[in-house]
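One structure is given here, and the rest of the page talks about it.
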Number of protein chains: 2
Amino acid sequence: MIDDIDREIAGLLAEDARRSLTEVAGQVGLSTSAVNERVRRLVAQGVIRRFTLDVAPEALGLPVLALIWADVPHAREEAFRAFATSHPGITECHHVTGAWSYLIHLRAANLDGVEAFLGQMKGDGLIARSETMLALSTLRTAPLVPR
Amino acid sequence: MIDDIDREIAGLLAEDARRSLTEVAGQVGLSTSAVNERVRRLVAQGVIRRFTLDVAPEALGLPVLALIWADVPHAREEAFRAFATSHPGITECHHVTGAWSYLIHLRAANLDGVEAFLGQMKGDGLIARSETMLALSTLRTAPLVPR
DNA sequence: GTTGAAAATGCTAGCCT
DNA sequence: AGGCTAGCATTTTCAAC
């Protein structure tokens, strides 16, 4: 499937996706076109899902990160999933083991935004109960870097 | 600080960071060099923290996502932070309100990996107590896309 | 996987508004 | 001051080996 050189290439590009293929090629000891071919394959295989940016949420006016445990009524699970995948403020949504069914990461401009979100979800019957924690600070949000 | 065009540019690049500046320029209605200049500024200001990849964890052999609530002894907080920022399996670490002090996202190859992690942390006295939940499935892990 | 040449892209400087 | 145009340098892509 994928070998150590693929992992190395993905690691270098995860650190800085603007590195030229030539530079990467030098680091891994292959030719530019061999690297080009491997990157193409990694994208085709879905190993690389996208080339993207890591943006500072504060700079976008979204300093608040709310971690929301939620119970979703079985009957509304479909609707909940559709909503969660389309809402721009939801950066993550995991179906989890334990007392709650979902863990949602919500970015908001302020606490009113969090309250409005919960109000809407509950009003629409997408969430039955919830418990919210706030991130006081974030030590780390790292892209997954292959080793 | 940053205006709507900056947000639009960041949004386009967050969707696909390999878009050419020319393409972005066309979409936002500016010249290539104006866009180049703005991107440079966004990076310099720290709005764009890095150009990176979204890599499928499963493809890297890390299918397990553990969500770990942890209590860190006050005396070891410094050491905990140093460790958390350097461990490659920790993709996120937030200091949170509520019953626990930290929420850790840990990627592992299997449950043994999670156990080993907790064993090491507790052995080193970096975590006093913890509670772990597993992500059964992930509906969404989106990069924060400006709107 | 490699090499080398053609095409596309990004960079920079000077001009214009 | 910030955006535009054009020419130069780099990078990516493609074909033949």
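Quantities reported herein were computed from a predicted structural model and do not represent experimental measurements. Each chain gets a letter, A, B and so on, in the order the sequences are listed, and its residues count up from 1.
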Student check: side-chain heavy atoms of Arg76(B) and Phe83(B) closer than 4.5 Å: no
Check for a donor-acceptor pair, side chain of Ser101(A) on one end and backbone N or O of His95(A) on the other, with a separation under 3.5 Å. no
Contacts of Arg38(B) meeting side chain to side chain donor-acceptor pair (under 3.5 Å) (sequence neighbours excluded), chain-then-number -> Asp3(B), Asp6(B)
Using rotation axes that map the C1' atoms of four end pairs onto the next four (five pairs an end), what angle separates the end axes of the helix from dG1(C)-dC17(D) to dT17(C)-dA1(D), to 10°? 30°
The criterion is salt bridge (Lys or Arg N to Asp or Glu O under 4.0 Å); which residues satisfy it with Glu37(B), sequence neighbours excluded? none
For Asp4(A), all residues meeting salt bridge (Lys or Arg N to Asp or Glu O under 4.0 Å), sequence neighbours excluded: Arg7(A)
Please enumerate all residues that pass side-chain contact (heavy atoms from CB on, under 4.5 Å) together with Ala34(B), with sequence neighbours excluded. Leu30(B), Ser31(B)
For Ala25(A), which residues count as a side-chain contact (heavy atoms from CB on, under 4.5 Å) partner, sequence neighbours excluded? Thr32(A), Val35(A)
Are Leu12(B) and Val39(B) linked, directly or through intermediate hydrophobic residues, by side-chain heavy-atom contacts shorter than 4.5 Å (ILVMFWY only)? yes
Within residues 15-26 of chain B, residues whose heavy atoms come under 4.0 Å of DNA chain C: Ser20(B), Leu21(B), Thr22(B)
Under 4.0 Å protein heavy-atom contact, by nucleotide of nucleotides 12-17 of chain C - B base, S sugar-phosphate only: B-----
Using ring pair (Phe, Tyr, Trp, His ring centres under 6.0 Å) as the criterion, list what pairs up with His94(A), not counting sequence neighbours. His105(B)
Arg41(A) atom CZ, neighbour heavy-atom count above 12 within 6.0 Å: yes
Show me the donor-acceptor pairs within less than 3.5 Å that the side chains of residues 50-68 of chain B make with the rest of the protein, sequence neighbours left out.
{"from": "Thr52(B)", "atom 1": "OG1", "to": "Ala14(A)", "atom 2": "O", "distance (Å)": "2.7"}
{"from": "Asp54(B)", "atom 1": "OD1", "to": "Arg49(A)", "atom 2": "NE", "distance (Å)": "3.4"}
{"from": "Asp54(B)", "atom 1": "OD1", "to": "Arg49(A)", "atom 2": "NH2", "distance (Å)": "3.2"}

Base, sugar-phosphate or nothing for Arg41(B)? Non-hydrogen atoms, less than 4.0 Å. nothing
Covered region of DNA chain D, 5' end to 3' end, by chain B [heavy atoms, under 4.0 Å]: dG3(D) to dT5(D)
Below 3.5 Å, can you tabulate the donor-acceptor pairs from side chains in residues 115-134 of chain B to any protein atom, sequence neighbours excluded?
{"from": "Lys122(B)", "atom 1": "NZ", "to": "Ser130(B)", "atom 2": "OG", "distance (Å)": "3.0"}
{"from": "Arg129(B)", "atom 1": "NE", "to": "Asp71(B)", "atom 2": "OD2", "distance (Å)": "3.4"}
{"from": "Arg129(B)", "atom 1": "NH2", "to": "Asp71(B)", "atom 2": "OD2", "distance (Å)": "2.6"}

